[in-house]
Engineer: 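Here's a structure for you.
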Amino acid sequence: MPISIDGNLFSLSTQDTLYQMQVDEYGILNHLWYGPKTGMSMSYLNQYPEISFSGSLADTGTRRDYSLNDRPLEYAEGGMTDYRTPALRIVHPDGSSALDLRYAGYEVLNHKPGIAHLPASFDRSLQTPTLKITLKDALYPIFVHLYYNAFEKENVIARSVEIENNTDHILSLDKFSSLCLDLPDGDLEVLHFHGRHAMERLKERLPLGFGTFRFESRRGNSSHQHNPAVILAAPHTDESHGACYGACLLYSGCYQVEVQKDQLEQIRLVMGLEESTFHWKLKPQATFHSPEALLSYSNQGFEKLSHQFHDMFREHVIRSTFVHRPRPVLINNWEATYFDFNGQKLIEIADSAKECGIDLFVLDDGWFGNRNSDTESLGDWHVNEEKLGMPLADLSKAIHDRQMQFGLWIEPEMVSEDSDLFRTHPEWVLWIPGRYPSRSRHQLVLDLGNPEVVEYLYQTFSKLIRENSVDYIKWDMNRSISDFYSSYLPEQRQGELAHRYMLGVYELADRLTTEFPEVLFEGCAGGGGRFDGGMLYYFPQYWCSDNTDAHCRTQIQYGTSFFYPISSVGSHVSAVPNHQTGRVTSLKTRGTVAMAGTFGYELDLTLLSPEQREEVRQQVQTYKTLQPLIFDGDYYRLSDPFDHDLAAWSFVSKDGLQILVQSVIYEQKPNVRFPRIQLRGLKRDVWYKQLDTGNVYTGAALMDGGLLLDLPQGTDSSQTLQFVRMDQEETSE
Ligand code: DGJ
């Protein structure tokens, strides 16, 4: 049973892990354990001697060995002798802000409900029960409900928190976290994924010192700069050994992650809404529900942790019907033409793509209003017929007539000052009274905290999709948000805007994806500026980065793979010299790298030589054969491209029968040995056959000895190798 309750002991079990909490004699909910299964209560570890300068709750009497400041707390409220990072903060009408949360009861629901207005994990089979533990403030009727689900097969615990105000006054909720996790071992390192535009999700690994390590986004989106996910790992943990915890928010707006090492060398992880951009007025009888967070634990290194998150996303987070369906290979005109195109040019690109076996033509930015540069027309979502030379529906028909699908770029959340929408509705823009709003990429931000704006956008884009038989939408978002002020909200509710904006984005995404389940949606925020679990709930794929340089992409895709499944990673082959870095890499290498994701092209195929077009045709064919293995297999990072010039990864089908190994080498040096990579995820005493050579190897040989790769040639070299397991019976060595 994933949930078991024994008196005051609550246990959540997955296939390999145990998560345990206990209510103590004062009604405090203690966190006892998160880690491997132990088969018993871990309460014997929860003992503390007297620690000086640790205060005690009044009802502990003269006891000096009990303090909230030392104990592992399940949801730390702060203000009552716990001096560590609190998970929530509210301000009462009398100006005080302490909460004294005591256990008030529990409930087990036989299914997992969604969270109203927010993305959340789900179980289609309705087999996952929910544990709801309620805490109540000792003084006021303020309730905090902690929700837990144990996804057994995926070894994932889903958590969210709801606060309920049953007082008769308005509370100011100034911090609210989705999870708080107290871990007894301080000897952990933190891995996080930082970056910048066109260089997202770069892995950094740091030892944790005393104090708090914190990262966040205040940009209104989860951001290029820090992904809302973190790993805490024992020192020396590597891909296949060692203990690590992963935590990931299903949220796309302002968030924060705090990892604190306290005086007793214990760790507290707190993850939730970013506190400087979140001030919520909680009315009497109202509730507020946090975004959901996912937790997972592995004692077999990072790759098992990643497999668990990948499985979780594929089975229980990405709700699109496309999640396990073959996805079309696409051609996108952005880097081929930028704003400079007409209908004829687009059809030429589509024709050349069709010849290469490409399925979907995507018309990117520049098709609407008077949009010939990024300075104008966002908001005017009617086609520029003069530029296109035809109505949009005719272009869509021309593409469909070629037996291809038709896709369209949109940027719903933004508006240009030079647009009819802005001229008609300046009050729909985030705009602080008395100040002119800041621009970024010449654009202003629409107030998606205003339901009227969301309704307008829904009407506009549903009509656009319907009237033009659109099969695919690329939903872009090209600036960070600033100037948080909504003319729709009263003064005292302005602090709610950052979160309300996200609720508006989610509502629009929910309505459009629900109305058009057969339209494939790809998210984008100047590349991967909002690549997070919240957006993946609605969109099965996300443009990983505006940087399509194959070299940089191996690093970006490597970092992305720690949490997010490969089937969600938008990756394309683009032209050389690369538009972001000027680097020239071979078509083969660009294809190899882009195949580790949702494959496509972003260049003018008409400019390629016949030989190159033939190579593209073969890449498309290869990818289509491999896509099921790439999308549904287990992904292995075989090298760290931050440490080596060699990037290598592999996919092993869930049944273990098929293996795909891909590698890229960028650096050439004279007089070197053949590069070698060791595979993982194979059966040691089973024989595997390499498909191109017919060579056979035992799994042990491939994993311990490894494979020799070709010597690098030219600017770079890459290989795609396939193996099959020769029989399903294990033979003894
Ligand atoms: C940013 C995206 O990431 C690009 O792929 C492209 O769609 C441009 N926006 C268009 O403005």
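Just so you know, these numbers use all the heavy atoms, side chains as well, and skip hydrogens, waters and symmetry mates. Counting convention: from 1, in listed order, for ligands and their atoms alike.
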Engineer: Please find the pair of heavy atoms, one from S121 and one from E292, that lie closest to each other, and give the distance.
Structural biologist: OG-OE1, 2.6 Å
Engineer: Using a 4.0 angstrom limit on heavy atoms, which residues are close to ligand 1?
Structural biologist: W334, D364, D365, W409, R441, K474, D476, N478, C524, G526, G527, W543, D546
Engineer: Under 6.0 Å between ring centres: does that hold for Y436 and W431?
Structural biologist: yes
Engineer: Using atom types as modelled and distance alone, determine if a side-chain donor or acceptor of N468 lies under 3.5 Å from a backbone N or O of V470.
Structural biologist: no
Engineer: For Y472 together with W409, are the ring centres under 6.0 Å from each other?
Structural biologist: no
Engineer: Cation-pi between R201 and F193: NZ/CZ under 6.0 Å from ring centre and within 45° of the ring axis?
Structural biologist: no
Engineer: What are the two closest non-hydrogen atoms of L536 and Y542, and how far apart are they?
Structural biologist: CD2-CB, 4.3 Å
